[in-house]
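Order of the sequence lines fixes the chain letters, A, B, ..., with proteins taken first and strands second; residue numbering starts at 1 for each chain.
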Amino acid sequence: MMQREAKISNYFLAAYCVVCLLLLSLPLSGPVQTLKAGVAYLVDPAIFAGENAQERVAQLPGRIRDLIMADQENQILRTQARESLLLEDNLRQLSLENQRLRALLGLKAPRGWSPLWARVMARDPLNRYHSFLVDVGRGDGVAVDDPVLGPSPRGLAIVGRVVEVRSRASTVLLLTDELSAVAADISSGTVEGLVQGQGNGELLLDYLPPGAKPQEGETVYTSPTSAVFPGNLPVGTVIAVRPEDPFLAVKSAEVRPEVAAAALADVAVLIRGAAHPAKFGAVQ
Amino acid sequence: MKALRAIVRTAGLFLGAAMLQWLWSTHFAPYGLAPQLLLVLTVAEASRRGAPSAMALGFFWGLFLDSMGARLFGANALAMVLLAYGAGLVRHQMDSGEAAPQAVISIVASWGYFLLLSLVSWIFTQRFSWVGWTDFLLLPFYNGLIAAALAILRPRRRAW
């Protein structure tokens with residue numbers, strides 16, 4: 001057995017040595033180059049595959065780290081996305097509220113009227129229940145007796161009327177002034193009276209018919225019969241009903257104005273026809 | 001069936017060892033030191049199964065190493081074949097299958113390998129290609145360590 005193995009070994013040795021010596025002896029061209037190329041053709045793909053695998057393995061810690069960080073970032077982004085959804089919902093609600101307020105603020109002007117927004121430019125503290133100055137005038141299409149409205153929870157409400165017009169400014173006589181009056185009816189719409197300013201920030205709804213039953217908390221609106229103001233605009237809220245005077249055929253009630261004119265910053269002047277584009281623009 | 005299994009085993013051993021040698025020497029070689037795994041395996045094969053199979057594996061492993069070189073195509077093959085023959089001879093003189101003898105044989109075979117390559121280079125290119133004292137002194141012991149580890153880890157019942 002050993003001798004057989006030795007014999008085979010000797011033959012193999014001789015054969016291999018001859019081949020190797022031939023390869024070494026021949027110049028590196030022709031058949032030798034071909035053989036070398038053939039060996040390379042067989043082993044190179046394995047080496048390339050091994051290199052790719054080694055690169056992937058080398059990148060593995062980094063990729064695992066990236067995966068963990070991506071997962072953490074994903075968690076954070078999911079939370080932010082949920083918060084964004086809430087924000088989006090809030091935004092949508094705010095937008096709807098904005099539209100609603102715009103609709104409220106946007107006066108549905110009666111036929112032939114357009115609101116012109118103006119800023120309260122000057123106000124005398126001693127006359128805060130009587131008048132103030134706004135920054136729109138003749139050049140903006142304002143005329144004497146134009147109604148002036150202010151924002152309130154119920155939309156635009158009566159503030160007063162223009163009594164003096166200059167080229168770029170106007171004087172507004174407030175409804176709370178003693179010289180102001182407007183035909184009005186209470187929310188039931190069946191009884192009409194006259195709202196008059198008291199000079200102290202309050203109003204009096206007077207000349208109600210004897211059968212009228214004004215209730216506290218009822219809203220008072222301008223009457224469609226008013227010569228100056230459009231109808232159905234809020235004037236104020238009934239805060240007290242005066243006791244009936246047996247010698248008078250009318251009733252009266254105290255009314256709190258819908259708009260606190262003394263604190264107003266912006267007012268809408270209703271002008272006849274289209275609004276002047278120079279100021280805020282008509283809000284429909 | 002047996003022959004097929006043997007062929008598959010041999011091909012798998014050839015390719016696996018070649019790739020492991022490439023991987024080790026390319027990516028896990030601190031200070032440029034990497035063991036001659038193919039040399040160690042050739043010696044191990046000769047110690048366990050005899051010179052003929054070891055010479056065949058050594059020849060082709062040598063060609064694999066030569067294909068990655070620029071010159072002296074066939075030098076590694078020749079050196080591996082001669083070392084396989086020598087380890088096969090030693091196999092009949094002593095029990096070379098255990099860890100210690102394997103380590104010693106591998107160390108000696110490594111020095112022989114370096115010297116053979118230098119000799120072949122001197123004969124065919126008139127230049128004595130020297131591996132350097134660091135490799136000459138350290139690498140054989142590195143090979144011996146690998147050989148001992150392989151001898152300890154090899155399956156006992158089956159042939160290598």
Side-chain angles (χ1 to χ4, degrees), chain A residues 1-70, chain B residues 11 14-28 46 49-89 91-93 116-117 119-125:
Chain A
M1 179 71 172
M2 277 171 58
Q3 283 180 345
R4 185 168 168 269
E5 187 182 305
K7 212 183 249 185
I8 295 171
S9 300
N10 293 337
Y11 289 144
F12 273 24
L13 177 66
Y16 287 133
C17 285
V18 164
V19 171
C20 291
L21 289 170
L22 270 175
L23 292 174
L24 286 165
S25 302
L26 293 172
L28 201 65
S29 61
V32 175
Q33 193 75 319
T34 305
L35 179 63
K36 190 175 180 183
V39 173
Y41 179 79
L42 290 173
V43 301
D44 278 356
I47 292 174
F48 280 119
E51 190 63 35
N52 286 338
Q54 191 277 333
E55 273 182 28
R56 286 172 187 269
V57 169
Q59 290 168 2
L60 200 59
R63 291 192 176 186
I64 290 173
R65 186 182 61 245
D66 290 344
L67 198 63
I68 292 170
M69 287 175 64
Chain B
F14 170 78
L15 202 60
M19 294 316 304
L20 192 58
Q21 171 71 65
W22 162 79
L23 186 69
W24 204 325
S25 58
T26 308
H27 297 288
F28 299 105
R49 300 187 71 190
S53 59
M55 282 194 286
L57 279 171
F59 176 75
F60 288 106
W61 274 332
L63 285 183
F64 166 74
L65 293 172
D66 288 325
S67 69
M68 293 194 289
R71 54 189 183 87
L72 292 176
F73 185 69
N76 282 287
L78 181 63
M80 297 280 254
V81 163
L82 291 172
L83 289 172
Y85 182 79
L89 288 177
R91 173 176 177 252
H92 298 296
Q93 310 302 324
L116 274 171
L117 286 180
L119 190 65
V120 167
S121 171
W122 182 61
I123 291 171
F124 290 97
T125 64

- Message: What's the separation between atom CD1 in A:Ile8 and atom CE in B:Met55, rounded to the nearest 0.5 Å?
- Response: 9.5 Å

- Query: Quick one: does A:Leu24's side chain get under 4.5 Å of B:Ile123's, heavy atoms only?
  - Reply: no

- Note on the structure: Okay, B:Met19 and chain A: the region with an atom under 4.5 Å from a heavy atom over there is side chain

- Query: Is there a side-chain contact between A:Tyr11 and B:Pro52 (heavy atoms, below 4.5 Å)?
  - Reply: no

- A:Leu23 vs B:Leu63, side-chain contact (heavy atoms from CB on, under 4.5 Å): CA-CA, chis, key distance, verdict: CA-CA 10 Å; A:Leu23 292 174; B:Leu63 285 183; 4.0 Å; yes

- Task: Could you check which of A:Cys20, A:Ala15, A:Cys17 has the highest count of heavy-atom pairs closer than 4.5 Å to chain B?
- Result: A:Cys20

- Is there a side-chain contact (heavy atoms from CB on, under 4.5 Å) between B:Leu82 and A:Leu13 once you walk through the steps? CA-CA 7 Å; B:Leu82 291 172; A:Leu13 177 66; 3.7 Å; yes

- For B:Ala77, is it the side chain, the backbone, both, or neither that has a heavy atom closer than 4.5 Å to a heavy atom of chain A? both

- Rounded distance [0.5 Å steps], OH in B:Tyr85 versus OG in A:Ser9: 6.5 Å

- Message: When you compare the side chain of B:Val81 with that of A:Val19, does any pair of heavy atoms fall below 4.5 Å?
- Response: no

- Under 4.5 Å from any heavy atom of chain A - which part of B:Ala54: neither

